[in-house]
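The next block holds one structure in the form of structure tokens; read it before the comments.
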Protein chains: 2
Amino acid sequence: MLEITATTPEAQALCPIRNVLANINGKWQPLILLSLEDGPLRFSAVRRAIGDITQRVQTQNLRALERDGYITRTVSAGPPLAVFYELTPLGVSLLSVLKPLVHWAGESYPAVKAARAVYDGKLRG
Amino acid sequence: MLEITATTPEAQALCPIRNVLANINGKWQPLILLSLEDGPLRFSAVRRAIGDITQRVQTQNLRALERDGYITRTVSAGPPLAVFYELTPLGVSLLSVLKPLVHWAGESYPAVKAARAVYDGKLRG
DNA sequence: CAGTATCCTTTACGATACTG
DNA sequence: CAGTATCGTAAAGGATACTG
């Protein structure tokens, strides 16, 4: 049973769902995790896989994902310096439930776009 | 195959995944959708189901979910005025891939908390 | 009851320059 | 190569008061 009700500040802070979800529902986290699906990637390779994302934001997101245990960060002493990011078992597990959602998003885009057109049309009369 | 790479502004704006995901990965959208799982609810009932969420933010989120075609809004003329929110087939479909993720979040909280403790411990030495 | 209206704070994200 | 530092913008969210 999924418990989503939280009335007190303590309950809100402790709510497992709010707590875990908060760090994987950003703009980039799902894309970063997905980019690592087929194996470890270097920092620059992750960046190329996503295309648009600044170094700064990518670093922030990678650190947050590492902190929550979804990926590991391994430094390969250089020069040149190489840093590899790789999914942990927990990250693989997360990806197994995240992928269907991302896949659904890709598939449902036409339906969503159509719904938006209808809604926006009604607003204008 | 999931295509997440977007290098040009046009590709980023059109990317189905970024586009659809953007409106379902907020702090409240998953919780709101989940609250409607067992049938239509009134505005105030949704609020009680979630516990913490201001009227303003709930309204904003409900409108966005309605616009993207996940829920419908039905006004029952009063007085007293009653407004019901209900999942559409598209919303039910979304929930079918969203629920596993939320469920995973709830189950994985201990693992995530442990990972955070390890990470934060390393930072302090 | 189901919202709006205002105002404010926080967080995420982005652009650019610089560094071990 | 893989970041960090600084600065700035924008979007999300929150608090409170008011209304058809």
Side-chain angles (χ1 to χ4, degrees), chain A residues 6-9 11-13 15 18-19 21-32 35-36 40-68 71-86 123, chain B residues 6-9 11-13 15 18-19 21-32 35-36 40-68 71-86 123:
Chain A
T7 48
T8 67
Q12 297 154 22
C15 171
R18 284 169 175 69
N19 208 300
L21 237 43
N23 286 330
I24 54 178
N25 66 3
K27 182 176 178 178
W28 301 112
Q29 285 92 333
L31 301 180
I32 292 176
S35 76
L36 298 176
L41 286 185
R42 300 175 62 164
F43 185 90
S44 52
V46 171
R47 225 177 151 205
R48 273 191 304 276
I50 295 181
D52 55 328
I53 185 173
T54 60
Q55 282 187 326
R56 181 185 126 84
V57 170
Q58 182 175 317
T59 300
Q60 286 178 338
N61 278 270
L62 286 169
R63 292 285 188 279
L65 292 173
E66 186 192 359
R67 177 170 186 260
D68 278 12
I71 62 176
T72 57
R73 176 179 181 273
T74 309
V75 181
S76 224
L81 174 65
V83 179
F84 286 90
Y85 292 91
E86 181 172 15
L123 287 189
Chain B
T7 48
T8 68
Q12 297 153 22
C15 172
R18 284 170 175 68
N19 208 302
L21 237 42
N23 287 329
I24 54 179
N25 65 5
K27 182 175 178 178
W28 301 113
Q29 285 92 332
L31 301 180
I32 292 176
S35 76
L36 298 176
L41 286 185
R42 301 176 61 164
F43 185 91
S44 52
V46 171
R47 218 168 160 215
R48 274 191 302 277
I50 295 183
D52 55 329
I53 185 173
T54 60
Q55 282 186 325
R56 181 186 126 85
V57 170
Q58 181 174 319
T59 300
Q60 286 178 339
N61 278 270
L62 286 169
R63 292 285 188 279
L65 292 173
E66 185 191 359
R67 178 171 185 259
D68 278 12
I71 62 175
T72 57
R73 176 179 183 272
T74 308
V75 181
S76 225
L81 173 65
V83 179
F84 287 90
Y85 292 91
E86 181 173 16
L123 287 188

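Chain letters run A, B, ... following the sequence lines, proteins first, then strands; residues in each count from 1.
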(message) In dot-bracket form, 5' to 3', how is DNA chain D paired? Count Watson-Crick and G-U wobble pairs only if both distances fall under 3.5 Å, and write | where the partner sits on another strand.
(response) ||||||||||||||||||||

(message) What is the separation between atom CG on L62(A) and atom P on dT4(D), rounded to the nearest whole Å?
(response) 10 Å

(message) Both N61(B) and L81(A) contact DNA chain D. Taking the nearest nucleotide for each, which residue is further toward the 5' end?
(response) L81(A)

(request) Can you sort out the partners of T72(A) under side-chain contact (heavy atoms from CB on, under 4.5 Å), two or more places apart, ordered by chain and number? (result) T74(A), E86(A), T88(A)

(request) Can you figure out which of dC1(D), dT4(D), dA2(C) approaches the side chain of R63(A) most closely? (result) dT4(D)

(request) Measure the spacing between CZ of R63(B) and CD of Q58(B) and express it to the nearest 0.5 Å. (result) 10.5 Å

(message) Just the rounded figure in Å: distance from P of dG13(D) to CG of L21(A).
(response) 12 Å

(message) Quick check on dA15(D): is either OP1 or OP2 less than 4.0 Å from any side-chain nitrogen or oxygen of T54(B)?
(response) no

(message) Closer than 3.5 angstrom, by distance alone: can the side chain of Q29(B) be matched with the main-chain N or O of N25(B) as a donor-acceptor pair?
(response) no

(request) Can you tell me the distance, in whole Å, between the CD atom of Q58(B) and the P atom of dA5(C)? (result) 17 Å

(message) Rounding to an integer number of Å, can you tell me how far D52(B) CG sits from dG13(D) P?
(response) 12 Å

(request) Return no unless some side-chain N or O of Y85(B) is found under 4.0 Å from OP1 or OP2 of dC1(C). (result) no

(request) Rounded off to whole Å, could you give me the CD-to-P distance for the Q55(A) and dG14(C) pair? (result) 14 Å

(request) Report yes if at least one side-chain N or O of K27(A) is closer than 4.0 Å to OP1 or OP2 of dG14(C); otherwise report no. (result) yes

(request) Please examine the side chains of L62(B) and R73(B), heavy atoms only from C-beta on, and report whether any two atoms are closer than 4.5 Å. (result) no

(request) Look at the side chain of V57(B) and decide which nucleotide, out of dC1(C), dA2(D), dG13(D), has an atom nearest to it. (result) dG13(D)

(message) So that I can tick it off, tell me whether D52(B) and R18(A) are bridged by a salt bridge, with the cut-off set at under 4.0 angstrom between side-chain N and carboxylate O.
(response) yes

(request) Taking only the side-chain nitrogens and oxygens of R42(A), find out if one of them lies under 4.0 Å from OP1 or OP2 of dA2(D). (result) yes

(message) Strictly distance-based, threshold 3.5 Å: is any side-chain N or O of N61(B) a donor or acceptor partner for the main-chain N or O of W28(B)?
(response) no

(request) Enter the distance from L31(B):CG to C15(A):SG here, rounded to the nearest 0.5 Å. (result) 7.0 Å

(request) Send over the distance from N25(B) CG to dT11(C) C1', rounded to a whole Å. (result) 14 Å

N/O donor to acceptor pairs below 3.5 angstrom from side-chain atoms of residues 41-51 of chain B, sequence neighbours left out:
residue : atom : partner : partner atom : Å
R42(B)  : NH2  : L81(B)  : O            : 3.3
R47(B)  : NE   : I53(B)  : O            : 2.9
R47(B)  : NH2  : I53(B)  : O            : 3.1

(message) Rounding to an integer number of Å, can you tell me how far F43(A) CZ sits from dT19(C) P?
(response) 18 Å

(request) Kindly say whether, by distance alone, the side chain of R56(A) makes a donor-acceptor pair under 3.5 Å with the base of dG3(D)? (result) no

(request) Select one nucleotide: of dC1(C), dA2(D), dG14(C), the one nearest the side-chain heavy atoms of W28(A). (result) dG14(C)

(message) Categorize F84(A) for me: base, sugar-phosphate, or nothing, with a 4.0 angstrom heavy-atom threshold over every strand shown.
(response) nothing

(request) Starting from P on dG3(C), measure out to CD on Q60(B) and report it in whole angstrom. (result) 13 Å

(message) Can you tell me which nucleotide in dC1(C), dG14(C), dA2(D) comes closest to the side chain of A82(A)?
(response) dA2(D)

(message) Over all strands shown, is R47(A) touching base, sugar-phosphate only, or nothing at heavy-atom distances under 4.0 angstrom?
(response) nothing

(request) On DNA chain C, check which nucleotide each of T59(B) and A22(A) is closest to and give me the residue with the more 5' one. (result) T59(B)

